[in-house]
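A short worksheet on the structure shown next.
Each chain gets a letter, A, B and so on, in the order the sequences are listed, and its residues count up from 1. On a predicted model such as this, the values are computed, not experimentally measured, just so you know.
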Amino acid sequence: MLDSKILRSDLDSVVAKLQIKNFDLDVAAFRQLEEQRKTLQISTQNLQGERNSRSKAIGEAKAKGDDIQPLLDTVASLGDQLKTAEAELNGLQTRLDELLLDIPNLPHDSVPAGNSEADNIEVLRWGEPAEFDFEPRDHIDLGQALGGMDFERAAKLSGARFVTMTGPLVTLHRALIQFMINQHILQHGYTETYAPYLVNEATLMGTGQLPKFKEDLFHIDSENHNLYLIPTAEVPVTNFVADSIVEAGQLPLKYVAHTPCFRSEAGSYGKDTRGMIRQHQFEKVELVQIVRPDASMAALEELTGHAETILQLLGLAYRKVILCGGDLGFASTKTYDLEVWLPGQNAYREISSCSCMTDFQARRMKARWRNPETGKAELVHTLNGSGLAVGRTLIAIMENYQQADGGIKIPDVLQPYMHGMTEIRA
RNA sequence: GGAGAGGUGGCUGAGUGGUCGAAAGCGCUCCCCUGCUAAGGGAGUAUACGUUAAUAGCGUAUCGAGGGUUCGAAUCCCUCUCUCUCCGCCA
């Protein structure tokens, strides 16, 4: 959520910045609501003030033993007036809040304008796309030939966009998780965390998935439960600090979590329907940082670097892009995507997305820290990034490390987690 | 699932209808005293919004959330939610 102060004081520049994200703020509607709110608030507060002072007088008169009936008569009509005014003000406030909750975060000055991923700016390429002296296959063919990956069986169990796996591919999948988490906790200073996979509405409000993106989520709506499956560990883990004040000395908080992620993928029908690129359920190792506001942009560079390290250690060629305004997420002020080279698609595909949310989520969550300089509780900044998406990393390993005979070589750094296996063969 | 207790400011914790935004303690900030790795004294210390040149004053709201009763509610009633204790069931 944006600071409503800057909306009131500097609406024009807010509108201009939102344009970069292709978001058109209904300025007229906002101004009108705001204007109405102001006048109504003043008149309501006047009424409340009158009620308060008269009630006080009644209390004092009663204490002295005076007759209070005349005083009671004078307040008789106040109640109804107040009730009406308060109800109207509430309604207006609710509409303003709804408007505010739907406004995305402002993009950072370094974010380029643009409408789609075609307008993203490439920052660097690392590694050489693998060369093959045979026609490389995609992970679907490879998985089928190896015999451990079955989409039809998953469809029987659950429908489209699920997979079942058996045997060494699953071991590799698990090895990736272990490898990533160990790297982050031992080398990058993150604290390993465990969090719920089902969360309530307030939690999703906090990180910005609700109220605007409800259709992207799986929802448990039964008699006794109103919960959502997490679309990313960002949601529960960032909310660790919701409604709390963190001591300055504890910052930055750096959390790593491995969780499944659940996404309805509404609106992406027909997109990446084949294979494991886009599933309703996938595993991800997520990095979350809670930092001082003055440290957040540097933290974004650091966090992105941590995700890159994983790709580098796995020897996977990738490129790093800055998302343009139109591609930038709702809550993010700046996002780096890491795109891994997939020989089977002959393309770079997103494998990590690292974002700085400034105080946008913190304001929604009421996540604060005590600033020693001011002595006040102020909003923290939050960041998150995939380090990495496990399913897509599995694909990348399969396609990049494939052999002419359809086998998959195991990267050196993963072998300690593969009980000696150096290659997966049919 | 059954029975009970409870959610108050950064923290602990008083407060059962009227000068309660809220005692006290802790913590923190400033000042004084003392001059030595102690201690003592004093003052201040929630947030949001409105008004305003103002982080000054004043006003309004906020004691888990929402609704109700009342001239007036942290205090009474209802619903929801969370926590704790005991019993039952259970990976």
Please state the [atom1] separation for the pair [N] and [M] - nearest whole angstrom.
N: B/U75; M: B/U8; atom1: P; result: 14 Å
N: B/A23; M: B/G10; atom1: P; result: 14 Å
N: B/U55; M: B/G72; atom1: P; result: 33 Å
N: B/C11; M: B/G27; atom1: C1'; result: 7 Å
N: B/C71; M: B/G13; atom1: C1'; result: 32 Å
N: B/A74; M: B/G6; atom1: C1'; result: 15 Å
N: B/G9; M: B/A5; atom1: C1'; result: 23 Å
N: B/C78; M: B/C26; atom1: P; result: 39 Å

In whole angstrom, give the distance that lies between atom [atom1] of [X] and atom [atom2] of [N].
X: A/Asn46; N: B/U51; atom1: CG; atom2: C1'; answer: 10 Å
X: A/Asn90; N: B/G66; atom1: CG; atom2: C1'; answer: 11 Å
X: A/Asn226; N: B/U79; atom1: CG; atom2: P; answer: 20 Å
X: A/Lys5; N: B/U47; atom1: NZ; atom2: C1'; answer: 11 Å
X: A/Met365; N: B/U47; atom1: CE; atom2: P; answer: 19 Å
X: A/Glu378; N: B/G10; atom1: CD; atom2: P; answer: 15 Å
X: A/Arg54; N: B/C71; atom1: CZ; atom2: P; answer: 14 Å
X: A/Asp73; N: B/G72; atom1: CG; atom2: P; answer: 14 Å

When you measure from the side-chain N and O atoms of [X] to the phosphate of [N], is any distance below 4.0 Å, counting only OP1 and OP2?
X: A/Arg51; N: B/A61; answer: yes
X: A/Arg368; N: B/U47; answer: no
X: A/Lys38; N: B/U51; answer: yes

Base-pairing assignment for [N] (Watson-Crick or G-U wobble, both under 3.5 Å):
N: B/G66; value: B/C78
N: B/U60; value: B/A48
N: B/U55; value: none
N: B/A14; value: none
N: B/U83; value: B/A5
N: B/C30; value: B/G42
N: B/C89; value: none
N: B/G21; value: none

Could you tell me if [Y] and [X] have a donor-acceptor pair between their side chains, going purely by distance under 3.5 Å?
X: A/Tyr401; Y: A/Glu423; result: no
X: A/Asp294; Y: A/His381; result: no
X: A/Ser55; Y: A/Asn52; result: no

Which nucleotide in the list [options] gets nearest to the side chain of [X]?
X: A/Arg8; options: B/A61, B/U47, B/G50; value: B/G50
X: A/Ile58; options: B/G18, B/G50, B/U60; value: B/G18
X: A/Arg370; options: B/G10, B/U60, B/G50; value: B/G10
X: A/Ile42; options: B/C49, B/U51, B/U69; value: B/U51
X: A/Asn52; options: B/G18, B/A61, B/G50; value: B/A61
X: A/Lys62; options: B/C71, B/C49, B/G10; value: B/C71
X: A/Gln48; options: B/C49, B/A61, B/C71; value: B/A61

Strictly below 4.0 Å, N to O, side chains only: are [X] and [Y] in salt-bridge contact?
X: A/Glu286; Y: A/Lys284; value: yes
X: A/Arg95; Y: A/Glu98; value: no
X: A/Glu399; Y: A/Arg349; value: no

With a 4.0 Å cut-off on heavy atoms, is A/Lys366 in touch with a base, just the backbone sugar-phosphate, or nothing at all?
nothing
Any base atoms under 4.0 Å from A/Arg363, or only sugar-phosphate, or nothing? Heavy atoms, all strands.
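No contact.
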Does a sphere of radius 6.0 Å around CD in A/Glu373 hold more than 12 heavy atoms from other residues, nucleotides or ligands, not counting ones at 6.0 Å or beyond?
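Result for CD/A/Glu373: open.
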On RNA chain B, does the nearest nucleotide to A/Lys83 precede the nearest nucleotide to A/Glu247 from the 5' side, or the other way round? Give the residue.
A/Glu247
Please compare A/Thr44 and A/Lys376 by the position of their nearest nucleotide in RNA chain B and report the one closer to 5'.
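Checking each residue's closest nucleotide, the 5'-ward one belongs to A/Lys376.
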Heavy-atom closest pair, residues A/Leu47 and A/Ala85
CD1-CB, 4.1 Å
Tell me if the side-chain of A/Gln45 makes a donor-acceptor pair with the base of B/G50, cut-off 3.5 Å, by modelled atom types.
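No pair found.
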